[in-house]
Amino acid sequence: MSLADATTPLPGSIHLSGCDWFLLAVDRLAEGAGPSSNTCRLVLRLDGRLGIEALRQALDSSPLAQWMARVRRVSLTPLVLPAWSVGPPNGGIPASERSGPTDPPADLPAANLGLRPDRASCLRFDLVQGSDEKSSVVLSWHHAMMDAHGAEFLLCRLGGNGSGETEPNCGNPVVPNPPLSVKRTMRDVLSFPNRLRVCRQSSQYICNLSAGGAIARLMDRRDAVGRRFENFSHSIDFDPDETARIDARATETNAAFRKSLFYLASTVRAVHSILKKRQTGEGNFLVPVPRDSRKRGARGPVVSNQSSFLFYLVRPEETGDLAALVASLGRQMKDQIRDNVPGLFSEMMAQFRRLPLPIYSRLLSGPTRGQMASFYFSDTGEVCADLDRFLGLPVEGIAHLPASAFPPGLTVSFTRCQGRQQAVVSWSEGCLDAEELALLERHLRRDLLEGGRE
Amino acid sequence: MTNSRLGFETLAGELCRFLRTSVVDESVGFDENTPLDRIGLDSVSIVEMLLFIERRFGIEIPDSCLTHKNLESVASLARCALDLPETVS
């Protein structure tokens, strides 16, 4: 049991964060377009066979895991903050075992894992035993419950360095609700006009009202009515030498300290190449990029999404030159941080928690018909840097498989683990074909490894 | 004339204070010589730091100065800022 868990009792309920509620509203937009739209996965590849009993024991002895298995999003009346509330004891987090290839684990559970925030566990474990004395632990979770960093912290607490939840600086895994206070309530009421202004300011980014023109996308929402999508993912792996070359190319494009922008610029150019081939490459790229709101070096909280967003807009004519595109994205990043856009957007998401989901979804979908992004993008940086062993076995590799929500139906996620860069492309059925996926990979490799040179 | 009149101690001290209060978790120990990548700073955190220098001291650090050497630590960034020519607003 961790120090934090031992000293801080976990609360009976907590409010959803603004980002949790936002993701549920976005998820609602995706309804009818596949059941697994907001399921994320983290895969740990282990050197050795982990027994299912050892995993179950780690889950059963973790108060945090037990707590997470029991919480449900409770239905509340409009204008009351939504909450995760602890239900009666149940069987804990589902964990199952099967055999198969472990690198990567093929045949991951079917799309519908039954991760339902309002009626079932939001996370589950699958243990895949390979024939080569290796195993993979797959953590799947509904994105509304936690973000990728939260999942990483959960794994560290469950099995980090062989001794379980023992890290002294973990912090509280759950942020408790602030105590009720008349003063705070009055402040909320009095500052309502100010908050309204904040909402109006920040909503322009998501509605893209100022961008003008169509949003570049791989599939129109109207073409997807009535379809039920399968999700797919493909991992583009770089060895340590290639990773060093990527760093060198980032430095050459003046992105040494902002590699995320180098990755984003490369991804925009790769997606643009597909649209050009389809002869539909005239729309602007709008890409919201999550920004972890935790302080740097923090090891918690685990539960709830702690993210805000930066919004990048790229016109098709800007995609020609990689270095110029990185510079343009750098200016957008600086301007938005100067204007405190992530803070304003967080505030907006926090305010909108009082809206019922159907209304919130409708509000989000109104101006853009639900198409809020050309694709989703994230760069989680170095993942699980301290997790070199899990429940006693050496960790050989980690992969983050992000959710691929439709719309837009394409997510590209960059992570680095043990000195190896990885880009995972996740897409919804119909958004990319095999030839286009190959084109995307070829362009990404060319930009990342050669700085855009042929 | 450069910004050196501000003094290294002042600038580095203010930068460390800013990082401690606004950017870096209290569990992370560091001083002006700790490598920034060891503190876990990402690109947004570095931009936040640059904007703090701009806001607090009126020094705008151009992109061309954002090299590995200058972004090694708070101390190297402070030295870079102090060596820049003073701008008259």
Side-chain angles (χ1 to χ4, degrees), chain A residues 3-4 149 167-172 247-248 250-264 289-301 306-310 323 326-343 379-382 385-386 416, chain B residues 15-81 84 87 89:
Chain A
L3 188 64
H149 290 293
E167 294 173 68
N169 294 325
C170 291
N172 196 335
D247 289 348
T251 303
E252 283 169 14
T253 49
N254 203 19
F257 83 98
R258 44 188 185 190
K259 289 196 192 79
S260 291
L261 299 186
F262 179 58
Y263 303 150
L264 175 58
V289 176
R291 151 81 171 140
D292 184 15
S293 310
R294 296 175 184 86
K295 286 191 166 180
R296 303 303 94 191
R299 311 300 303 274
Q306 308 291 323
S307 302
S308 187
F309 294 89
L310 289 159
V326 170
S328 163
L329 296 173
R331 282 191 296 275
Q332 293 184 45
M333 177 166 80
K334 200 167 180 183
D335 288 346
Q336 290 186 48
I337 295 171
R338 186 185 278 119
D339 294 344
N340 188 28
V341 169
D379 174 24
T380 43
E382 182 86 27
D386 303 328
R416 190 169 288 198
Chain B
L15 268 177
C16 282
R17 199 166 306 126
F18 168 72
L19 287 177
R20 264 191 209 103
T21 52
S22 306
V23 181
V24 179
D25 189 66
E26 60 188 20
S27 64
V28 180
F30 69 96
D31 61 25
E32 69 265 28
N33 295 311
T34 308
L36 292 182
D37 54 2
R38 202 176 296 165
I39 306 174
L41 294 194
D42 59 1
S43 52
V44 175
S45 313
I46 289 173
V47 171
E48 283 173 338
M49 204 160 51
L50 299 174
L51 289 171
F52 171 76
I53 297 173
E54 204 177 298
R55 207 167 49 237
R56 177 79 177 76
F57 300 102
I59 303 171
E60 194 171 344
I61 300 179
D63 271 10
S64 56
C65 289
L66 302 177
T67 59
H68 273 302
K69 186 168 164 272
N70 289 336
L71 289 170
E72 203 177 333
S73 63
V74 166
S76 61
L77 184 60
R79 274 188 216 102
C80 161
L84 287 170
T87 50
S89 56

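The model shown is predicted, which means the values in this text are computed figures rather than measured ones. Chain letters run A, B, ... following the sequence lines, proteins first and then strands; every chain starts at 1.
Both the backbone and the side chain of Val24(B) have a heavy atom closer than 4.5 Å to some heavy atom of chain A. The contact between Ile39(B) and chain A is made entirely by backbone atoms, counting heavy-atom distances below 4.5 Å. For a residue to count as touching a neighbouring chain, one of its non-hydrogen atoms must lie under 4.5 Å from one of that chain's; by this rule Arg338(A) touches chain B with backbone and side chain alike. Heavy atoms of Glu54(B) lying under 4.5 Å from chain A belong exclusively to its side chain. Within the 4.5 angstrom heavy-atom criterion, atoms from both the backbone and the side chain of Asp42(B) approach chain A. Neither the backbone nor the side chain of Arg38(B) has a heavy atom closer than 4.5 Å to any heavy atom of chain A. For a residue to count as touching a neighbouring chain, one of its non-hydrogen atoms must lie under 4.5 Å from one of that chain's; by this rule Leu261(A) does not touch chain B. Contact annotation for Thr67(B): neither backbone nor side-chain heavy atoms come within less than 4.5 Å of a heavy atom of chain A.
Relative ring orientation between Phe52(B) and Phe18(B) is described as parallel, the plane-to-plane angle staying below 30° on a 0-90° scale split at 30° and 60°.
Between chain A and the options Val28(B), Leu66(B), Leu50(B), Leu51(B), the largest number of non-hydrogen pairs under 4.5 Å is found for Leu51(B).
For Arg416(A) (side chain) and Asp379(A) (main-chain N/O), no donor-acceptor pair under 3.5 Å exists by modelled atom type.
Salt bridge status for Asp63(B) with Arg331(A): absent, with no side-chain N to carboxylate O gap under 4.0 Å.
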Evaluate the criterion side-chain contact (heavy atoms from CB on, under 4.5 Å) for residue pair Ile53(B) and Leu77(B); output intermediate values, then yes/no.
CA-CA 10 Å; Ile53(B) 297 173; Leu77(B) 184 60; 3.9 Å; yes
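Rounding to the nearest 0.5 Å places SG of Cys80(B) at 8.5 Å from NZ of Lys69(B). Rounding to the nearest 0.5 Å places OG of Ser22(B) at 6.5 Å from NZ of Lys295(A).
Side chains of Val74(B) and Thr34(B) form no contact here, defined as non-hydrogen atoms less than 4.5 Å apart.
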